[in-house]
Protein chains: 4
Amino acid sequence: MARHIFRPTRYHNTLGTAEPCLRIADGDTLVAETVDASGLDANEVAVAARPNPMTGPFFVEGAEPGDTLAVEIIRLTPNRRTGWTYSPLALTVLDPAAILDRPKQERAIWEINANEGTVRLRDAPAALAGFTPPLAPMIGCFGVAPAGGEAISTATSGAHGGNMDYRRFAPGTTAWFPVSVPGALFYLGDGHAAQGDGEITGTGIETSFEMEVRLSVLKRRITWPRAETAEEIITIGNARPLDQALQHATTEMQRWLGEDYGLDARAASHLMGMVVRYDVGNVFNPAYTVACRVAKKWLTKA
Amino acid sequence: MARHIFRPTRYHNTLGTAEPCLRIADGDTLVAETVDASGLDANEVAVAARPNPMTGPFFVEGAEPGDTLAVEIIRLTPNRRTGWTYSPLALTVLDPAAILDRPKQERAIWEINANEGTVRLRDAPAALAGFTPPLAPMIGCFGVAPAGGEAISTATSGAHGGNMDYRRFAPGTTAWFPVSVPGALFYLGDGHAAQGDGEITGTGIETSFEMEVRLSVLKRRITWPRAETAEEIITIGNARPLDQALQHATTEMQRWLGEDYGLDARAASHLMGMVVRYDVGNVFNPAYTVACRVAKKWLTKA
Amino acid sequence: MARHIFRPTRYHNTLGTAEPCLRIADGDTLVAETVDASGLDANEVAVAARPNPMTGPFFVEGAEPGDTLAVEIIRLTPNRRTGWTYSPLALTVLDPAAILDRPKQERAIWEINANEGTVRLRDAPAALAGFTPPLAPMIGCFGVAPAGGEAISTATSGAHGGNMDYRRFAPGTTAWFPVSVPGALFYLGDGHAAQGDGEITGTGIETSFEMEVRLSVLKRRITWPRAETAEEIITIGNARPLDQALQHATTEMQRWLGEDYGLDARAASHLMGMVVRYDVGNVFNPAYTVACRVAKKWLTKA
Amino acid sequence: MARHIFRPTRYHNTLGTAEPCLRIADGDTLVAETVDASGLDANEVAVAARPNPMTGPFFVEGAEPGDTLAVEIIRLTPNRRTGWTYSPLALTVLDPAAILDRPKQERAIWEINANEGTVRLRDAPAALAGFTPPLAPMIGCFGVAPAGGEAISTATSGAHGGNMDYRRFAPGTTAWFPVSVPGALFYLGDGHAAQGDGEITGTGIETSFEMEVRLSVLKRRITWPRAETAEEIITIGNARPLDQALQHATTEMQRWLGEDYGLDARAASHLMGMVVRYDVGNVFNPAYTVACRVAKKWLTKA
């Protein structure tokens, strides 16, 4: 199984059927550079257009419609020393009456300290002088070419993945996407150095990355993205409103518990009713993201 | 500061202005029995009507409209050996297409093992034979008389609290409610022996309790319920859809960070954008509940 | 059947179980004065508190829980020469990004010309100099005491009716409400001299009225409010988001077509699929209102 | 100005940048055949794949990004004698609890009587024996290539138009779309012989058509689709939930009243607050459609 080092020369603002940038084998590892959400590369040079320019698409040999592409996130290394965010809180997360008092949107710079494993707001106000949350890299936007010949903007997301901006898409997580075209056509980019739940300022700390992932083909069918960590299985719904995203994620989890863990709809509800956890991935993009999580300690493979 | 032991003889299905069952002083502790969501008491005798019959209301001396009532949850002790849940998953959490395949709603019995600190489904299917999640008591419905002379069903929730069914309303948490009437008129009940996020079967493990809480009056004004644990501050929004519940919780957190921690709207967004956490309290009741959490380690009192 | 002239001396800001202001017989007619949404009477004297102070409750002899109260709207006569509205558009009807450019909320006065049957904005800008839309009186808030001992704010609505702000609640329409308490306990008020769809400024032309209605008890059960005009049958859903209000209204129409017109679910869908009409009653109040309409010309009583 | 007769040989399931099927001049008229939503042509032969195969794209000379394409709907002539619908009511319009009693989805055939100007359900149940609503042709799906290189499924809609399923897109209406690519790249199809509000069975009467439209380029910029009839101006929002679709439509109407009729935000709200009308275009597709209408009689060109 090979390890490919890939430096892109062109970028994509949609996930769709485009000319592959590279063909790799099932099980290969990919080390790929990605630019930030606004197209700035490691040297802060603008090399691509908004929104969320993607590296890819990678053609994975053997992936066929109806299969699943597993993306093991091995390493996410910011390749410059700063990233940027917006402030204040996004329009989507405020009581409409509070929008009237909202300050103007501005861009702020954050310093990334890889040695310390922290990030820090440059020119922080006094009240945030000591605020150095952990460096916690994640992939904001990744996924595969959608079904039906669509080319879907990297601003949004769907069953194919896309701009989910969910903080658990981080090293240690393996994400699954439903394959709709031969070769899957995998894209990735929009890395964040850190981000809370919901991407509630409309950004994480947006920066450029070297991302290392391993791509494998599973001969099984899924409906919505799934993910796995050492401790949990996770399903993802992408839609508006949040209620509908949650419905997709919950229904997909019920399916998974049936397929792999021998739980019918009633048994799945007994288990989920006690131990399910929900995360709000993002509540900013055109489609919102909700994750549904179940700890593996409660599960036994059927 | 006194400790009152209270055994109710009548129950309430709305939170409103009713004759107090007891008058207590600011800072007093209350040990109160509560029945389950369907009105069954410690002996499984039906003593009250659905939904969520409440113990109360308690008049807290000194509480005036515009104040805040702090409810320290000291202890929640189930006072019988079983509780019940519904299955399968609620209509509100399923993709509508999945509702067509949903099995019929049934009531199941769970055994509560206080010594082991676990719960266990009675007559569990083989796949759940080893499923003994922790006993994790929480208050499903509590709050104060609402403003404007309303009497709001214990089926739902609002700015006054009510049926939020949020699992972190548990021992170690202090909940805050906005006082709208003299004496606050505090109600509590609908205890759950355990529940995951979202109350996604429409129930936690519904059982009767002895609940111990300490009630204090804060001379400050809040808009939505708040809560505090040793590690976190939490705000609550109650509304449909989830998006709106999240907006209320987020806006209230922004207010709190301004009031107590010296963060203006822009600074609050920088901090929340990195470290905020959301929980889905319930996604079943007429009003859904979203909690917004910030760890205290990121905060300094202004 | 008697005709009662009623002038209120007290008002209500909730619909609930309160002392009746008058007991009338099934089939009696009621001529009642109502104040405007802010409590101003015919002399523009403030006699009641916000929101939407109600005249009532009227106890209708023979009305029992499970029955339906029919309210024939005979006449709505503004009893002063002006009313008021807010501008600009409400927060709920604007793209959040447009809220940032919204001018401050202001109150405007409208002149009511009963002879001409028009209304006119006082001190109108030049572009509205010739804007004299028709005087088209409607009832903003009316309904009955809800089930379960609730007292629901006149700011909002539900299965019991309430603040629906729907322009077809006008003379010529008979509205139906589900009776939940003995005597039904009917309330009315919040008259508007005119209003478009959606109550999108948060107001119609708010003014005081003499309202004439005839109240009758139907020995049948409904779930959501219904209405009838000479040409149409109408069902009402009250909820957030609009999607859910529409679901309630549509489901209630399907029920009605089955009960009275011999159409099963499939036949009802064939008919509704071709001829149904939806109105947005209000998209401003805590619960939104959607009306579902079917013309009687397509229907035959079963 | 030419009149082009076009018979397609290939169809599209996305609106995007594809090879034009024909280049026409600004102001030319187009007579184009379209197949039904499932790909059946005038002979009921399956010539294209679901969903909603489109005829096009037509390149309109002179149309540039930032312009507006006006589509005058001149004539919609069904070119076969039958169409089809689904029953019962769609999952999206039912109270979730009512989904449990919903009969299975079935396809029904409707006869189109062009002479009488009516449609009639074949093999109708007795209760619908006399149900012959008017033949009222409309375009279900039409629009232009979207911005940003997207190719958007004909199952859904957006700012570019698409599958709006709105019954006023009928002869006598001129629809406007925002141009995002050179030549606009106009698509049309998915004709319905008749449909009520909301497309609440998931279909209108789906059939093949000869459609005649006239395409003109306006050198002005719009954000969401607009339309004009002899009596009204109309704006369209496409999103979920309905609330958001309504917000887009309302905000676009406010813009239009400012651009063409001299009404600032406050004046626009005074006028709209009295006379606005909303239609629910569809409440079935991935994006719902709401139309906002203002009668021209209330307006004066600035």
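Every chain is numbered from 1 and lettered A, B, ... according to where its sequence line falls, protein lines coming before strand lines. Quick caveat, the model's predicted, so the values are computed rather than measured.
- Both the backbone and the side chain of A:P133 come within less than 4.5 Å of a heavy atom of chain B.
- Contact of A:E106 with chain B is made through backbone and side chain together, with heavy-atom distances under 4.5 Å.
- Contact of A:V276 with chain B is made through backbone and side chain together, with heavy-atom distances under 4.5 Å.
- Contacts of A:L271 with chain B are made by both backbone and side-chain atoms, with heavy-atom separations under 4.5 Å.
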Show the numbers, then the answer: is there a side-chain hydrogen bond (donor to acceptor under 3.5 Å, both in side chains) between A:R168 and A:T173? CA-CA 7 Å; A:R168 291 187 205 268; A:T173 297; over 6 Å; no
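- More than 12 heavy atoms of other residues, nucleotides or ligands lie within 6.0 Å of CZ in A:R220, so this atom counts as buried by the packing criterion.
- Put simply, of A:A268, A:S269, A:A98, A:G130, the one with the most heavy-atom pairs under 4.5 Å next to chain B is A:S269.
- Each of B:V275, B:D101, B:L246 has some count of heavy-atom pairs under 4.5 Å with chain A, and the biggest count is that of B:L246.
- Heavy-atom distances place the side chain of A:F131, and not its backbone, under 4.5 Å from chain B.
- For A:T289 and A:N238, the side-chain atoms include at least one donor-acceptor pair closer than 3.5 Å.
- Looking at A:T85, the atoms closer than 4.5 Å to chain B (heavy atoms on both sides) all sit in the side chain, from C-beta outward.
- Using a 4.0 Å cut-off between a side-chain N of Lys or Arg and a carboxylate O of Asp or Glu, A:R122 and A:E111 qualify as a salt bridge.
- With a 4.5 angstrom heavy-atom cutoff, A:I205 touches chain B via backbone and side-chain atoms both.
- Proximity to chain B (any heavy atom under 4.5 Å) is restricted, for A:R167, to the side chain, taken from C-beta onward.
- Counting heavy-atom pairs under 4.5 Å between each of B:Q195, B:K297, B:R240 and chain A puts B:Q195 at the top.
- The candidate with the highest count of non-hydrogen atom pairs below 4.5 Å against chain A, out of B:H192, B:E252, B:H270, is B:H270.
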